[in-house]
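Only this structure's heavy atoms are used, side chains among them; waters, hydrogens and symmetry mates stay out. Start at 1 and go down the list; that is how both ligands and their atoms are numbered.
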Amino acid sequence: SAAPTSAPDKGTTGVFSKGRAAIAARTLRTDRWWLPPLITVLGFSVFIIYATVRAFVRTAYWVDDYNYLTPFYSPCLSTVCVPGSAHFGTPVGELPMWIPLGFLVLPVLLLFRLTCYYYRKAYYRSVWFSPPACAVAEPHTKYTGETRLPLIIQNAHRYFFYAAVIVTLINTYDAILTYQSPSGFGIGLGTVIITANVVMLWGYTLSCHSCRHIAGGRLKHFSANPVRYRLWTLVSKLNTRHMQLAWITLGTLMLTDFYVMLVASGTISDLRFIG
Ligand code: FES
């Protein structure tokens, strides 16, 4: 059969290849199938624009009185980091303005999420249109899956998972340091927000599909590996919430940074509960 007349320029591969039904309509779906991809792309865009701007501004990322550090700048390793914010020393000298102070954390944040199984599903549909929705043909004429560059990099996800665990440990350390005030022990709204963000980040990180595989993968007999079976069961339960945790942590990351920015810039003062 010939290629459909409605799309003569699409070539003869993919859904337009010989042997596929020649359907003139772009899709036979009559519902608002484009709404979920649209919402997804809007959500991503908000986060990407916000995080990019904040990554480069180099202002209002540290509250000295309460040790609040935004996760986008942690660890801060440069000699230009605000005094007190470099919890792990300053092995890196001055950085030009085009290199963010969070140069270590940002690529991990980006690559871990970009290669995440959930985010793949989301942006393959919403950004890459491969395909945009069930029963909606994709505009691409060729499909090579994740077998070629750049998508073959998706296979490195497990390594980004290890890196993300280290980053989350660093964030945990940062969070513990917030339980103080100039007079000693203290808890403020910032402490609560930063701690909640870390808890959610652990939820997102440990619910990762790679983590699930590390916990229980490649075993022939669960009965011979009761500890790993138990871990796998726990991660599996968390894994069912991975999508929610992916979105929640996008929100808590922005909220944490935004709150630290407001307090650090003196726009508001931290609401203190203790100390
Ligand atoms: Fe989503 Fe690993 S972080 S699958």
Cys208 N/O/S atom closer than 2.8 Å to atom 1 (Fe) of ligand 1: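 It does not: Cys208 brings no N, O or S atom closer than 2.8 Å to atom 1 (Fe) of ligand 1.
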Heteroatom N/O/S of His209 within less than 2.8 Å of atom 1 (Fe) of ligand 1: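 No, outside the cut-off.
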Within 45° cone of Phe161 ring axis and under 6.0 Å: Arg158 NZ or CZ: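 No, Arg158 and Phe161 do not form such a contact.
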Charged tip of Arg113 within 45° of Phe44 ring normal and under 6.0 Å: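 Relative to the ring axis of Phe44, which defines the angle, Arg113 lies outside at least one limit.
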Atom 2 (Fe) of ligand 1 - closest N/O/S atom in His157: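 Output for this pair reads NE2.
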Parallel, tilted or perpendicular, as decided by the 30° and 60° cut-offs, for the rings of Tyr119 and Tyr204: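 Answer is perpendicular, since the angle exceeds 60°.
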Residue-ligand contact Tyr204/ligand 1, heavy atom below 4.0 Å: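 The answer is yes: ligand 1 sits under 4.0 Å from a heavy atom of Tyr204.
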Any Phe112 heavy atom less than 4.0 Å from ligand 1: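 It does; at least one heavy atom falls under 4.0 Å.
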Pair Thr191, Tyr68: side-chain N/O donor-acceptor within cut-off below 3.5 Å: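 There is such a pair between these side chains.
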Where ligand 1 meets Cys116 - atom numbers and elements under 4.0 angstrom, heavy-atom basis: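 Here the atoms of ligand 1 in question are 1 (Fe), 3 (S), 4 (S).
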Check: Tyr118 ring centroid to His242 ring centroid under 6.0 Å: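 Ring centres of His242 and Tyr118 not closer than 6.0 Å.
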Cys pair Cys116, Cys208: SG separation below 2.5 Å: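 Cys116 does not pair with Cys208 as a disulfide (SG atoms not under 2.5 Å apart), so no.
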Arg113 and ligand 1 - part of the residue with a heavy-atom distance under 4.0 Å: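 Near ligand 1, Arg113 shows nothing, with every heavy atom at 4.0 Å or more.
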